[in-house]
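Data block below; observations after.
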Amino acid sequence: MKIATFNINGIKARIEALPRWLNEAQPDVVCLQEIKSIDENFPRELFEEMGYRVETHGQKSFNGVAILSKYPLSDVTRGLPGDETDEQARWIEALVEGPQLVRVCGLYLPNGNPAPGPKYEYKLAWMARLEERMKALLALEEPVIFLGDYNVIPQAIDAARPEAWTEDALFLPQTRAAFRRMLNLGLTEAVRTRNPAQGLYTFWDYQANSWERGNGIRIDHLLMSPQAADLIEETGIDKDVRAGDKPSDHVPVWVRLAA
DNA sequence: ATGGTTGCCGCGCAA
């Protein structure tokens, strides 16, 4: 079972690139971020015709997350618990009823810039709520994957030019400490645990020829519960997608599980 | 490089 995360930066803008990648990569489950669409405008039929179930948690213009799955989805939850006043669509959770029962939590963690400021405070508060949700689901001792755009550069080796990010909300010490706390709950970061190499990136800014210059960062992650980590067979970053026609600024990241 | 680019039912903002 192949499970992926992909920040598409707008479903309308990716109406060709996303199906193209789905046909090539054949993932069973995909968590999408930044669909930038309300539920009613999401082209669900397009993906249903490709054999996917579709669950969305949309928002007008900004944010918005979704899950595509070749297997039935149940127990769908929209919105990260812990703050009833939070209106931003950044969290969707579902139980995938495949050969393995796996819970997937698709997340779009706030960017947080500029820092310091209210946006950074919101990011840190959101990360605290995420940690609480992780604790609650880890207590079930079942396969769970928390995957998406974390907007966190975990270490200096996760940026081509780490010195350019020292004041950025994606790389500030408080941000990295909050991410480290999540790993310390007992979660395994799928890509890094399988590949310690430098130069693994998942995002290249549209600006300043970042892609051509190799100026990337690694901010899209899959965090696995112990029961999910035990099933990992392979991980990957579909870097070539960034060189395709009308690409997102992020590329897909995936894990293949046993069975 | 105080710029640069992309997407959003835009009229600036978020990334």
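Throughout, a chain's letter reflects where its sequence line sits, starting with A, and its residues are numbered from 1.
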Using the [atom1] atoms only, state how far [M] lies from [N], rounded to an integer number of Å.
{"N": "B:dA1", "M": "B:dA15", "atom1": "P", "value": "26 Å"}
{"N": "B:dA14", "M": "B:dG4", "atom1": "C1'", "value": "16 Å"}
{"N": "B:dG10", "M": "B:dT5", "atom1": "C1'", "value": "16 Å"}
{"N": "B:dG7", "M": "B:dG3", "atom1": "P", "value": "23 Å"}
{"N": "B:dT2", "M": "B:dC8", "atom1": "P", "value": "29 Å"}

Item to check | Pairs flagged by salt bridge (charged side-chain N to carboxylate O under 4.0 Å, His left out) wherever residues 172-182 of chain A is involved - sequence neighbours left out | outcome: A:Glu131-A:Arg181
Checklist entry - Restricting to pairs with a member in residues 76-86 of chain A, which pass salt bridge (charged side-chain N to carboxylate O under 4.0 Å, His left out), not counting sequence neighbours? => result A:Glu55-A:Arg78, A:Asp86-A:Arg129
Item to check | Nucleotide range of DNA chain B lying under 4.0 Å from chain A heavy atoms | outcome: B:dG4 to B:dA15
Next on the checklist: Please classify the nucleic acid contact of A:Phe203 as base, sugar-phosphate, or nothing, using heavy-atom distances under 4.0 Å.
Outcome noted: nothing
Checklist entry - With a non-hydrogen cut-off below 4.0 angstrom, is A:Arg90 in contact with a base, only sugar-phosphate, or nothing? => result sugar-phosphate
Next on the checklist: At a heavy-atom distance below 4.0 Å, what parts of residues 4-14 of chain A sit against DNA chain B?
Outcome noted: A:Asn9, A:Gly10, A:Lys12, A:Ala13, A:Arg14
Indicate every side-chain donor-acceptor pair of residues 165-173 of chain A with a distance under 3.5 Å to a residue at least two apart or in another chain.
unit_1, atom_1, unit_2, atom_2, d
A:Asp168, OD1, A:Asn113, ND2, 3.0
A:Asp168, OD1, A:Leu170, N, 2.9
A:Asp168, OD2, A:Asn113, ND2, 3.3

Checklist outcome for this item: 5'-most contact on DNA chain B (nearest-nucleotide basis), A:Asp249 vs A:Asn209, goes to A:Asn209
Item to check | ring-ring contact (aromatic ring centres under 6.0 Å, His included) against A:His57, all qualifying residues, sequence neighbours excluded | outcome: none
Next on the checklist: A:Trp21: which residues meet the ring-ring contact (aromatic ring centres under 6.0 Å, His included) condition with it, sequence neighbours left out?
Outcome noted: A:Phe6
Next on the checklist: If the threshold is 4.0 Å, N to carboxylate O, is there a salt bridge linking A:Glu189 and A:Arg218?
Outcome noted: yes
Next on the checklist: Just to verify, what does A:Lys36 make a side chain to side chain donor-acceptor pair (under 3.5 Å) with, not counting sequence neighbours?
Outcome noted: A:Asn9
Checklist entry - Among all residues two or more places apart in sequence or in another chain, which pass the side chain to side chain contact (heavy atoms under 4.5 Å, CB included) test with A:Pro114? => result A:Lys119
Next on the checklist: Keeping A:His221 on the side-chain end and A:Val152 on the backbone end, is there a donor-acceptor pair under 3.5 Å?
Outcome noted: yes
